[in-house]
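Working notes for the structure below.
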Amino acid sequence: MSVFAKFESSEAEKLIELVSRERSIALSAREWKHRLAGYGYAIRAADTGHHMLQSLSKKIDVCILPQDLFA
């Protein structure tokens, strides 16, 4: 069973909004990742070239992040 099946799309959208908002506030990618760690999340580069939002406590992928956040 996929981890993504456990999350509703509205929850994933809220998390992507959080990640996007924190990116707009942060002065660097390093600060952005540090701010996300404060919420209990990390960004992981997947083998497919996508970036995944990962839970730090359980080490599970939560959702795929939009590529425009990394431009």
Side-chain angles (χ1 to χ4, degrees):
M1 173 184 229
S2 172
V3 173
F4 300 109
K6 296 179 183 177
F7 294 94
E8 293 183 19
S9 63
S10 63
E11 291 177 26
E13 288 175 11
K14 289 178 185 177
L15 287 172
I16 290 172
E17 286 177 21
L18 170 73
V19 171
S20 179
R21 184 179 68 239
E22 291 300 320
R23 181 63 182 124
S24 68
I25 294 170
L27 299 176
S28 66
R30 183 177 179 178
E31 180 188 358
W32 177 40
K33 292 176 182 181
H34 181 76
R35 293 176 69 91
L36 290 177
Y39 289 103
Y41 295 104
I43 296 174
R44 181 182 71 80
D47 296 335
T48 60
H50 292 94
H51 290 87
M52 308 292 291
L53 186 65
Q54 185 179 57
S55 168
L56 285 175
S57 62
K58 297 184 180 181
K59 301 287 185 197
I60 60 169
D61 293 335
V62 177
C63 63
I64 298 173
L65 296 174
Q67 290 297 92
D68 61 340
L69 291 173
F70 301 92

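Atom CG of Asp68 sits about 11.0 Å away from atom CZ of Arg23, to the nearest 0.5 Å. Annotation: the span from Ile43 atom CD1 to Gln54 atom CD amounts to 10.5 Å, rounded to 0.5 Å. Between the CZ atom of Arg35 and the CG atom of Leu27 there is a distance of 9.0 Å, given to the nearest 0.5 Å.
Contact of the Gln67 side chain with the His51 side chain is registered, since non-hydrogen atoms from C-beta on lie closer than 4.5 Å. Side-chain contact check for Val62 versus Tyr41: some heavy-atom pair is nearer than 4.5 Å. Inter-residue side-chain proximity for Leu65 and His50 is flagged as unmet; no heavy-atom pair is nearer than 4.5 Å.
No donor-acceptor distance shorter than 3.5 angstrom exists from the side chain of Trp32 to the backbone of Ser20, with no hydrogens or angles considered. No donor-acceptor pair closer than 3.5 Å links the side chain of Glu22 to the backbone N or O of Leu18.
Cluster annotation: Leu53 is connected to Phe70 through the hydrophobic network of ILVMFWY side chains, with a link wherever side-chain heavy atoms come within less than 4.5 Å.
Not counting sequence neighbours, Tyr39 has no partner by the ring-ring contact (aromatic ring centres under 6.0 Å, His included) test.
Applying the salt bridge (Lys or Arg N to Asp or Glu O under 4.0 Å) rule to pairs touching residues 37-51 yields Arg44-Asp61, sequence neighbours excluded.
Between Ile16 and Cys63 the shortest heavy-atom distance is CG1-SG, 4.1 Å.
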